[in-house]
Q: 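Structure incoming, see below.
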Amino acid sequence: MLRTTLSLCALTALPTAVMAFNTTETVFSLSDDMKSANKYFSKRADGQGTYSFLFGANFNPNLITYARPSNYRWENTTEDGTRYKALRFPGTSSYAYLERITNRDDFLEKDKDNPNRYYLTVDGSTCMGATCMQDESIISVNVPTRFKVLNYFAKVDGKWLEQRTGDWKIVDNTYTFYRRSLKGAMVGLYLEDAVSYGYNQLTASFAANKNIQVNNEGNRIRVVIPVENLFASGSASMSKQGLEWIKILSQTLKEMNYVEARVEGHTDDQPLSKKAGGFSNNWELSSMRATNVVLYLLGQGVPNDKIAAVGYADSHPIASNATAEGRAKNRRIEFSIMTEEAVRQGQASEQATP
């Protein structure tokens, strides 16, 4: 169930102000690790006077990393019997600030019945006073690609609307709600951690085969399948059993939010027999095996802009090639299912390599 409160905040104007037009915008960006967020708030109006945004009495002003106009000041105040910390903007009705939110309890709650799911709530602003009204309020939430949005809600003037109702615009993983003529708004999104979800699904699907490894590396899922479970020796044609396993993986990919699924072909260091499938060397063999897996995944409906095939031959061993057991471990197909953060880290690593 979505919570109905966040860290306390409100939009207010001192009595000297005469308000004719009032629009507020909130942009909330959740970090990939869910531990922090950035919140940008902007208010535009054509009234005059000293305007304020109210935070809870214990709010840390150092979390405001940017505010304009620059002549703002902090004051302790009481409104309707409640103590607040006010960010005041003298002589202007339009202002903006950027807040760094480091306490995840202020915006994120884990679903007690499903450890892979979370409730994300984002507050816009609430206009205080019996006759106070905002002309328009916009709340936009950027969700990291590792999450799948299962549902979304809006709360207007203290009342939650039915799920997915109201004025929403959704582009990729950005969810924006807007409404005119209201006192205040809040949005809630029901999220699923797609990496954890995918890991659990694949672990359960491959549980019967102890040779298949499924690892959750935080920003990626790595699946390692021995070549003998997929291809005959020296061949790039998948076995019937191999096709069934790749089909299971494709079904999980369809239910996940991910940026790239990379299929890697690996061999041992033994030279190929001249009669082995017509391949001249292990580079050709590993590349064609990875390519054929990708072609099958594409046939199962995996988007072609989210998948890649790479052949590594014997250049990335995970065991010694000096023993038959080690060579068997090195002959494998690896799947790296990556979030945006994992891809970004990989690119940074490549740029840093001399």
Q: Can you confirm if the aromatic rings of Tyr95 and Tyr51 lie within a centre distance of less than 6.0 Å?
A: no

Q: Do Lys169 side-chain atoms and Thr176 backbone N/O form a donor-acceptor pair below 3.5 Å?
A: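 It does not hold such a pair.
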
Q: Would you say the side-chain atoms of Asn173 and Asn142 include a donor-acceptor pair closer than 3.5 Å?
A: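 No.
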
Q: Under a single-linkage rule joining Ile, Leu, Val, Met, Phe, Trp and Tyr whose side-chain heavy atoms are separated by less than 4.5 Å, which residues share a cluster with Ile138?
A: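 Under the 4.5 Å side-chain rule, Ile138 groups with Tyr178.
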
Q: May I ask you to decide if Ser237's main-chain N or O and Arg289's side chain share a donor-acceptor pair within less than 3.5 Å?
A: no

Q: Any side-chain heavy atom of Ser181 within less than 4.5 Å of one from Asp135?
A: no

Q: Can you confirm whether Asp80 is buried at CG, in the sense that more than 12 heavy atoms of other residues, nucleotides or ligands lie under 6.0 Å from that atom?
A: no

Q: Given Tyr190 and Asp111, is the side-chain hydrogen bond (donor to acceptor under 3.5 Å, both in side chains) satisfied, shown in steps?
A: CA-CA 9 Å; Tyr190 188 36; Asp111 188 334; 2.5 Å; yes

Q: Could you walk me through whether Tyr296 and Met238 pass the side chain to side chain contact (heavy atoms under 4.5 Å, CB included) check?
A: CA-CA 10 Å; Tyr296 183 76; Met238 278 190 288; 3.7 Å; yes

Q: Looking at Arg332 and Glu334, does any basic side-chain N land under 4.0 Å from a carboxylate oxygen?
A: yes

Q: Tell me if the CD atom of Glu75 is crowded by more than 12 foreign heavy atoms within 6.0 Å.
A: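 Check passes, neighbour count above 12.
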
Q: Could you tell me whether the side chains of Thr24 and Gln134 share a donor-acceptor contact shorter than 3.5 Å?
A: yes

Q: Are the side chains of Asp193 and Tyr118 in touch, meaning some heavy atoms are under 4.5 Å apart?
A: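 Yes, close enough: below the 4.5 Å cut-off.
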
Q: For Tyr312, which fellow cluster members are found when Ile, Leu, Val, Met, Phe, Trp and Tyr are connected by side-chain heavy-atom distances below 4.5 angstrom, either directly or through intermediates?
A: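 Its cluster mates, by chain and number, are Val310.
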
Q: Where do Arg104 and Glu109 land on the salt bridge (charged side-chain N to carboxylate O under 4.0 Å, His left out) test, with the steps shown first?
A: CA-CA 8 Å; Arg104 61 180 285 168; Glu109 178 183 8; over 6 Å; no

Q: Do Asn229 and Asn211 touch side chain to side chain, with heavy atoms closer than 4.5 Å?
A: yes

Q: Without swapping roles, check the side chain of Thr291 against the backbone of Ser287 for a donor-acceptor pair under 3.5 Å.
A: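 Side chain of Thr291 to backbone of Ser287: a pair is present.
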
Q: Donor-acceptor pair, Thr252 side chain versus Gly198 backbone, under 3.5 Å?
A: no

Q: Got a sec: does the NZ of Lys112 have more than 12 other heavy atoms crowding it under 6.0 Å?
A: no

Q: To the nearest 0.5 Å, tell me how far Lys254 NZ sits from Leu297 CG.
A: 9.5 Å

Q: Measuring from atom CG of Leu108 to atom OG1 of Thr121, what distance do you get when rounded to the nearest 0.5 angstrom?
A: 8.0 Å

Q: Between Asp167 and Arg179, does any side-chain N to carboxylate O distance fall below 4.0 Å?
A: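 Answer for the salt bridge query: yes.
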
Q: Are Leu243 and Ile212 in one and the same hydrophobic cluster, where Ile, Leu, Val, Met, Phe, Trp and Tyr link if side-chain heavy atoms are under 4.5 Å apart?
A: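 Yes; Ile212 is reachable from Leu243 via cluster members.
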
Q: Which pair of heavy atoms, one from Thr77 and one from Ala86, lies closest together, and at what distance?
A: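 Answer, listing the atom of Thr77 first, then Ala86: CG2-CB, 3.9 Å.
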
Q: Are more than 12 heavy atoms from other residues, nucleotides or ligands located less than 6.0 Å from atom CG of Asn58?
A: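 No, the 6.0 Å shell around CG holds no more than 12 heavy atoms from other groups.
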
Q: Atom CG of Leu98 and atom OH of Tyr66: how far apart are they, to the nearest 0.5 Å?
A: 9.0 Å

Q: Is the number of heavy atoms from other residues, nucleotides or ligands under 6.0 Å of Glu325 CD greater than 12?
A: no

Q: Can you find a heavy atom in the side chain of Lys85 that is under 4.5 Å from one in the side chain of Pro61?
A: yes

Q: Atom CG in Asn22, atom SG in Cys132: separation rounded to 0.5 Å?
A: 6.5 Å

Q: Please check: side-chain N/O of Ser235 versus main-chain N/O of Phe231, any donor-acceptor pairing under 3.5 Å?
A: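 The answer is no, because no donor-acceptor pair under 3.5 Å joins these two groups.
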
Q: Keeping the roles fixed (side chain from Thr78, backbone from Gly81), state whether a donor-acceptor pair exists under 3.5 Å.
A: no

Q: Do we see a donor-acceptor contact under 3.5 Å between the side chains of Thr23 and Arg44?
A: no

Q: Please examine the side chains of Ile333 and Glu264, heavy atoms only from C-beta on, and report whether any two atoms are closer than 4.5 Å.
A: no

Q: Is there a side chain to side chain contact (heavy atoms under 4.5 Å, CB included) between Leu120 and Phe147 once you walk through the steps?
A: CA-CA 11 Å; Leu120 172 66; Phe147 295 102; over 6 Å; no

Q: With no hydrogens and no angle check, is any side-chain donor or acceptor of Thr26 less than 3.5 Å from a backbone partner on Phe41?
A: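 Side chain of Thr26 to backbone of Phe41: no pair is present.
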
Q: Is it true that a side-chain atom of Asn200 and a backbone atom of Ser196 form a donor plus acceptor pair closer than 3.5 Å?
A: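 Yes.
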
Q: Answer yes or no: is there a side-chain heavy-atom contact under 4.5 Å between Val214 and Ile221?
A: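 Result yes, sub-4.5 Å side-chain heavy-atom pair found.
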
Q: What's the separation between atom CG in Asn38 and atom CG in Leu63, rounded to the nearest 0.5 Å?
A: 10.5 Å

Q: What heavy-atom pair brings Ser286 and Gly265 nearest, and what distance separates the two atoms?
A: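 The answer is CB-O, 3.5 Å.
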
Q: CD1/Ile64 to CZ/Phe59 distance, rounded to the nearest 0.5 angstrom?
A: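 The distance works out to 4.0 Å.
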
Q: In the structure I gave you, are the side-chain heavy atoms of Leu191 and Leu150 within less than 4.5 Å of one another anywhere?
A: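 A side-chain contact under 4.5 Å is absent here.
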
Q: Would you say Lys306 has more than 12 foreign heavy atoms packed within less than 6.0 Å of its NZ?
A: yes

Q: Is the side chain of Lys43 donor-acceptor paired with the backbone N or O of Ser93 at a distance under 3.5 Å, no angle test?
A: yes

Q: Should Val224 and Val293 be counted in the same cluster of Ile, Leu, Val, Met, Phe, Trp and Tyr side chains packed under 4.5 Å apart?
A: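 Cluster IDs for Val224 and Val293 differ.
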
Q: What residues form a ring pair (Phe, Tyr, Trp, His ring centres under 6.0 Å) with Phe28, not counting sequence neighbours?
A: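 Applying ring pair (Phe, Tyr, Trp, His ring centres under 6.0 Å) to Phe28 gives Phe107.
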
Q: Of Asp268, Thr267, Asn282, which is the lone residue that meets side-chain hydrogen bond (donor to acceptor under 3.5 Å, both in side chains) with Arg331?
A: Asp268

Q: Of all the heavy-atom pairs spanning Asp269 and Arg327, show the shortest one and how long it is.
A: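 Scanning both residues, the minimum pair turns out to be OD1-CD, 4.2 Å.
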
Q: When Tyr97 is tested against each of Phe53, Tyr72, Trp74 for ring pair (Phe, Tyr, Trp, His ring centres under 6.0 Å), which residue passes?
A: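 So, applying the ring pair (Phe, Tyr, Trp, His ring centres under 6.0 Å) to Tyr97 and each of Phe53, Tyr72, Trp74, only Phe53 qualifies.
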
Q: Grouping I, L, V, M, F, W and Y whenever their side-chain heavy atoms are under 4.5 Å apart, do Val27 and Trp168 come out in a common cluster?
A: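 No, Val27 does not connect to Trp168 through the hydrophobic network.
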
Q: Given Arg88 and Ser52, is the side-chain hydrogen bond (donor to acceptor under 3.5 Å, both in side chains) satisfied, shown in steps?
A: CA-CA 4 Å; Arg88 298 215 190 275; Ser52 304; 2.6 Å; yes

Q: Mark yes or no for whether Ser250, through its side chain, and Lys247, through its backbone, hold a donor-acceptor pair below 3.5 Å.
A: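 It does hold such a pair.
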
Q: Does Arg222 come within less than 4.0 Å of Glu217, counting only side-chain N to carboxylate O?
A: yes

Q: For Ser36 and Arg100, work out which heavy atoms get closest and say how close.
A: OG-NH2, 2.9 Å

Q: Do Phe177 and Ser140 touch side chain to side chain, with heavy atoms closer than 4.5 Å?
A: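 Result no, sub-4.5 Å side-chain heavy-atom pair not found.
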
Q: Under 3.5 Å, is there a donor-acceptor pair linking the side chains of Asn151 and Gln163?
A: yes

Q: Apply side chain to side chain contact (heavy atoms under 4.5 Å, CB included) to residues His266 and Asn330 and explain how you reach the verdict.
A: CA-CA 6 Å; His266 300 268; Asn330 290 331; over 6 Å; no

